[in-house]
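Along the sequence shown, the residues carry numbers beginning at 1.
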Amino acid sequence: MEHSTRLAHISEDGTRTQTVYDHLAGTARLAGSFAAPFGAQSEAEFAAWLHDVGKYSYAFQLRLKGGPKVDHSTAGAQEALRRGHPQASFSIAGHHSGLPDGGSPADDPGDATLFGRSKKPAAPYDGWQEVTLPASTPAAWACADPLSLAFFTRMLYSCLVDADFIDTETFMDGKTAPRGSGTDIAALRDIVSAQAQRYLSAESLSPVSVQRNTVLRACLEKGAHGPQGLYTLTVPTGGGKTFASLAFALEHAAAQKMKRVIYVIPYMSIIDQTAAVFSGLLGAENVLADFSNAEYKTVEQDDLTPAQYRQMLASENWDASVVVTTAVQFFESLYANRSSRCRKLHNIADSVIIFDEAQTLPADYLAPCVSAIAQLIQHYHSTAVLCTATQPALEPLFRRFAPELHPQEITPDAARLYEVLRRTTLQDLGTLPQEELAARLARHPQVLCVVNRRKTAQQLYAALPAEGSYCLTTLLCAADRRRQLDDIRQRLKEGLPCRVVSTSLIEAGVDVDFPVAYREQCGLDSLLQTAGRCNRERRRGAEESIVYRFRLDECSTPQMLRQNISALDYTARHQDTLDTPRAIQLYFNELSELRGPDAVDKHGILDAFLRGIRGCQLPFAQVAEEFRLIENAARTVYLPVGEGAALCEQLRSGHVTRTLLRKLGVYSVSCYKDQFDKLDAAGALELRPDGSAILTDTSCYSEKTGLAMDVETGIGLYF
C-alpha cells in the first residue's frame, strides 16, 4: 500500500475514504486557526500534523477492515517528544483518552503516564514522512512556570481535539455541520447600543433611573475605550448591572476585535432567566445557554429542531457569539483533562468574560480560579469583569499570580450609588426563640424568612397559617420549586397572603419582591442577598422595608458558616451601616484573615502542578478528578411524581440515555448517606446499579415540603 493512500477514515456506508494525510492537513488548518488568537498557530499545527501519524501503520489499516484495536496516539506523542515539544506530546497522547499525568522517569512502558507512553513500543508507521512539520517553538510565557505550562498545554489540547473532531465529523457526515452561524459581535453591539440610547434618552427619570443610567454610561464608555484587562463592576441590587455589564462586554468585544462574550453565572436557578433576557434582546440564535438542563439537552437527537441542533453543536465547543453558562461548567472545564470537557477551552480565549455574583467564587478553590482568570487575561486576549453588589477582596490573589494586573472599577462613584439605591433598612433582632419568630412571621401578610437548616424551614412552615405559606428547600425537586416560585410571584403581585420560609437557595438571584424579610445569622454577602429579595421594585421607602437579622435560641451555628458570621459580627462592630462598599470590603478582608492563606486552595490544585504529586509531574488526570466545585457526597433519589412518573418507568425499562437523565434531573432530590439509608431501611427505595434510587413509596414525598421518611417514631424529616 502506498503511503499516500493509507486511510484515516472510511464512511459508515463504505463508499468514501479519507487519507491520513488529508485528515492531518484538515485538522492542522482548523487547529492553527483556533490557536491564532493566543499566538500559538504553529504549535497547534505541529501537534495536529503529528496526532494521527500512528494511522500510517499497517496495524491501523487492518483495524479499518475490522481488525483488533490499535494504539495510534503513542507514535505521534513520541515524535513530538523527540522534537522537544512536551505540550504537543501531552495533547497527542491524550487526544482520545484524555490528557495523561506526566508521571516520572521511573515509569514503565505499561503506565498510562506520558513518561510511560514515551517508552511504549509503537507499531511501525513508516510513511508519515510525507508530512512536513511546521517550525514550532512555544512562546517564553507558555513555559515560564509550571502553572503557565499546564494551562498552555490544556489550551493546545483544546485546539487539537476540537479540530480533530470537526474534521472527522465533516468527513463522516459528508457535509459541514451548521456551526458558528450567529450574528457577529459588532452587529450585536449595535442592538444593545440602540437599547441603551433608549434608556439614556428617556424623559422624567426617577432618581433610581438616573443612577442606573450613570452606571450604563460608564459601562458603555469604559467598554469602548478601556484596554483589555481586569475590571470590577460594583453595583447594588436594582442598579441595572445585568444589562449594563452586557453593554460593556459587547462594546469592549467590538472595540478589541474579540470573538465572543461569556457570561458566567453561579446558579443554575437563574441561568434560564438571564439567557431569556439576552435572547429576547439579541435573538435566540445568538445566545447559547450551556447547562445540564438546557432544553436542547433534554430532547432526543432525532427530535431536535434545526435551532436546537445548532445549539447542541455550539455547546460542544462554545462556538457562539454570546455564551451563558455556570461557574461549575466554566472552571471545571479549565481544569479538566477529557476531550469532551476541553474542546471549548480555546474559545474562551479572545472573549470578554463576565463573572456574575463574583462573591460566590468557591472559597476552597479560589486560588486556582483566580490563577485561571489571570492566565486568560495575561496570555489569551481575554478581559474579565467581576460583577456583583458585594465585591470580594480578590486583589491580593491577583497580585500573587499577575502583579501587573490592576482591577479597574467601572462604576464612577460606588458609595453614592449605594446610598441612592438603598431600598431596605437592616435591623438586628438579637436572639429569638423559634416560637416567637414563627409568631412574628404569622403577623406579616407577606414575608420572606431565610434560615440555615432545612429542618428549621420545615418546622417554621408547620407553625404558619396554611393559606399562602410556602417552604422552599432542596428537599423539593426542581419541578416543584419552580411551581412554588410561580405561585409565590403571582400571590405577591396580587397582594395575597404570602409567607415563605426558605433556605439560602432563594438568595441565588431569584426574582421575588417582599415587603419585609428575616435572615438567620450568616455572612454579610448572604444578608445582602436576602435584602435583594425585599422591596426589589422600590414600591416602598427604605425605612418601611426592614430586613431583620436574628439568631435562633438553642440553635447551634453551622460549622460552615462560623467564619462568615464572625466576619459579619466584626464588621458590625466597626461600621454603623452594613450595606455600603466600605463595610463590604471590611467584611471580605476580615473573612480572608479568618480563613487563612491555605483555605484558598484547600485541595492543593496549584501545588499539584508546582510540586507534583508523590513524584508525578504535571498530574493532569489526577487534578481533573480532584477539581470538583460541587463536592457532592449525596445520592440521587428519582421521584415518580407528575411527569417524573413516566420518566421513572423509562428508567426501569433499562433504556437509559443522557437525555432521559437530564429530564429526570428536575424530578430528583439529592440525599446524604444517612438520609438515603433511612429511606432504604423503610423499604421506600428501588436501588439502581449506579447508586441512585427510585422512590417507591410516594407518601414519603410532599409537593409542599419535599422528601420525608417513616421511622418508628413517626415522620422524620431530612435535615
Side-chain angles (χ1 to χ4, degrees), residues 98-99 151 154-155 157-158 161-162 165 245 249 259-276 278-279 287-298 308 311-366 368-373 375-376 380 382 384-387 478 505 508-509 603 605 620 623-632 658-659 661-663 665-666 670:
L99 280 171
F151 203 93
R154 234 184 254 103
M155 295 295 275
Y157 176 65
S158 171
V161 295
D162 195 26
F165 186 95
S245 61
K259 289 184 177 178
R260 63 187 45 81
V261 169
I262 301 174
Y263 215 89
V264 182
I265 294 177
Y267 313 110
M268 281 212 306
S269 57
I270 58 171
I271 193 170
D272 262 337
Q273 69 187 38
T274 302
F278 291 174
S279 296
V287 179
L288 169 68
D290 187 19
F291 64 110
S292 59
N293 291 328
E295 184 181 15
Y296 61 90
K297 293 188 179 184
T298 62
Q308 289 172 332
Q311 285 203 308
M312 185 194 72
L313 290 175
S315 72
E316 294 172 349
N317 63 355
W318 285 3
D319 189 3
S321 298
V322 178
V323 178
V324 184
T325 192
T326 62
V328 170
Q329 172 84 280
F330 184 86
F331 287 111
E332 286 190 0
S333 294
L334 284 169
Y335 284 93
N337 76 318
R338 294 288 178 181
S339 60
S340 58
R341 298 297 300 273
C342 292
R343 280 183 62 185
K344 63 176 77 74
L345 298 188
H346 69 87
N347 276 330
I348 299 177
D350 210 19
S351 297
V352 181
I353 311 162
I354 308 292
F355 294 97
D356 191 31
E357 304 294 355
Q359 81 283 356
T360 63
L361 290 175
D364 292 349
Y365 295 89
L366 202 52
C369 290
V370 169
S371 173
I373 296 170
Q375 288 282 341
L376 288 166
Y380 297 91
S382 295
V385 183
L386 306 174
C387 183
L505 68 85
H603 299 272
I605 300 298
F620 289 107
V623 165
E625 286 299 314
E626 190 68 28
F627 195 93
R628 293 285 186 268
L629 296 194
I630 299 177
E631 299 170 19
N632 193 356
R658 288 186 180 181
T659 301
L661 295 178
R662 284 172 176 144
K663 287 181 178 179
V666 298
S670 293

A.B. asks: On a heavy-atom basis, which atom in A624 and which in N337 lie closest, and how many Å separate them?
C.D. replies: CB-OD1, 3.4 Å
A.B. asks: Between S333 (side chain only) and Q329 (backbone N and O only), is there a donor and an acceptor less than 3.5 Å apart?
C.D. replies: yes
A.B. asks: Please assess N347 against V323 for the test side-chain contact (heavy atoms from CB on, under 4.5 Å), listing each intermediate value before the final yes or no.
C.D. replies: CA-CA 10 Å; N347 276 330; V323 178; over 6 Å; no
A.B. asks: Please determine whether side-chain contact (heavy atoms from CB on, under 4.5 Å) holds for the pair L334 and R154, giving the CA-CA distance in whole Å, both sets of side-chain angles, and the decisive distance to 0.1 Å.
C.D. replies: CA-CA 8 Å; L334 284 169; R154 234 184 254 103; 5.9 Å; no
A.B. asks: Keeping the roles fixed (side chain from S158, backbone from H346), state whether a donor-acceptor pair exists under 3.5 Å.
C.D. replies: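 Flag set: sc S158 to bb H346 pair under 3.5 Å.
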A.B. asks: Enter the distance from T326:OG1 to I271:CD1 here, rounded to the nearest 0.5 Å.
C.D. replies: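 The distance works out to 6.0 Å.
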A.B. asks: Using 0.5 Å steps for rounding, measure from the CG atom of L629 to the CG atom of D364.
C.D. replies: 10.0 Å
A.B. asks: Return yes if some donor-acceptor pair links the side-chain N/O of S351 with the main-chain N/O of S382 below 3.5 Å, else return no.
C.D. replies: no
A.B. asks: Quick check for you: to the nearest 0.5 Å, what is the distance between Y335 atom OH and R628 atom CZ?
C.D. replies: 14.0 Å
A.B. asks: Sort out for me which residue in V352, D319, L288, D350 forms a side-chain contact (heavy atoms from CB on, under 4.5 Å) with R260.
C.D. replies: D319
A.B. asks: Test of understanding: with side chain to side chain donor-acceptor pair (under 3.5 Å), list the residues that count as partners of N317, not counting sequence neighbours.
C.D. replies: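 Partners of N317 by the side chain to side chain donor-acceptor pair (under 3.5 Å) criterion, ordered by chain and then number, come out as D162.
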A.B. asks: On a heavy-atom basis, which atom in D356 and which in T360 lie closest, and how many Å separate them?
C.D. replies: O-OG1, 4.5 Å
A.B. asks: Suppose we screen for salt bridge (Lys or Arg N to Asp or Glu O under 4.0 Å). Which residues come up paired with E316, at least two apart in sequence or across chains?
C.D. replies: R179, R343
A.B. asks: What orientation do F355 and F331 show, parallel under 30°, tilted 30 to 60°, or perpendicular over 60°?
C.D. replies: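 Geometry flag for F331 against F355: parallel rings.
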A.B. asks: For H603 together with F627, are the ring centres under 6.0 Å from each other?
C.D. replies: no
A.B. asks: Could you grab the distance from atom CD of E357 to atom CG of L386, nearest 0.5 Å is fine?
C.D. replies: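 CG of L386 is found 12.0 Å from CD of E357.
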A.B. asks: What distance do I348 atom CD1 and L376 atom CG have between them, rounded to the nearest 0.5 Å?
C.D. replies: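 One gets 6.0 Å once the value is rounded to the nearest 0.5 Å.
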A.B. asks: Kindly write out the residues that satisfy side-chain contact (heavy atoms from CB on, under 4.5 Å) with T274, not counting sequence neighbours, or none if the list is empty.
C.D. replies: Y263, I265, F278, V324
A.B. asks: Which pair of heavy atoms, one from A336 and one from C342, lies closest together, and at what distance?
C.D. replies: O-SG, 3.5 Å
A.B. asks: Does F151 have its ring centroid less than 6.0 Å away from the ring centroid of Y380?
C.D. replies: yes
A.B. asks: Once rounded to the nearest 0.5 Å, what's the spacing between atom CD of E332 and atom OH of Y365?
C.D. replies: 8.0 Å
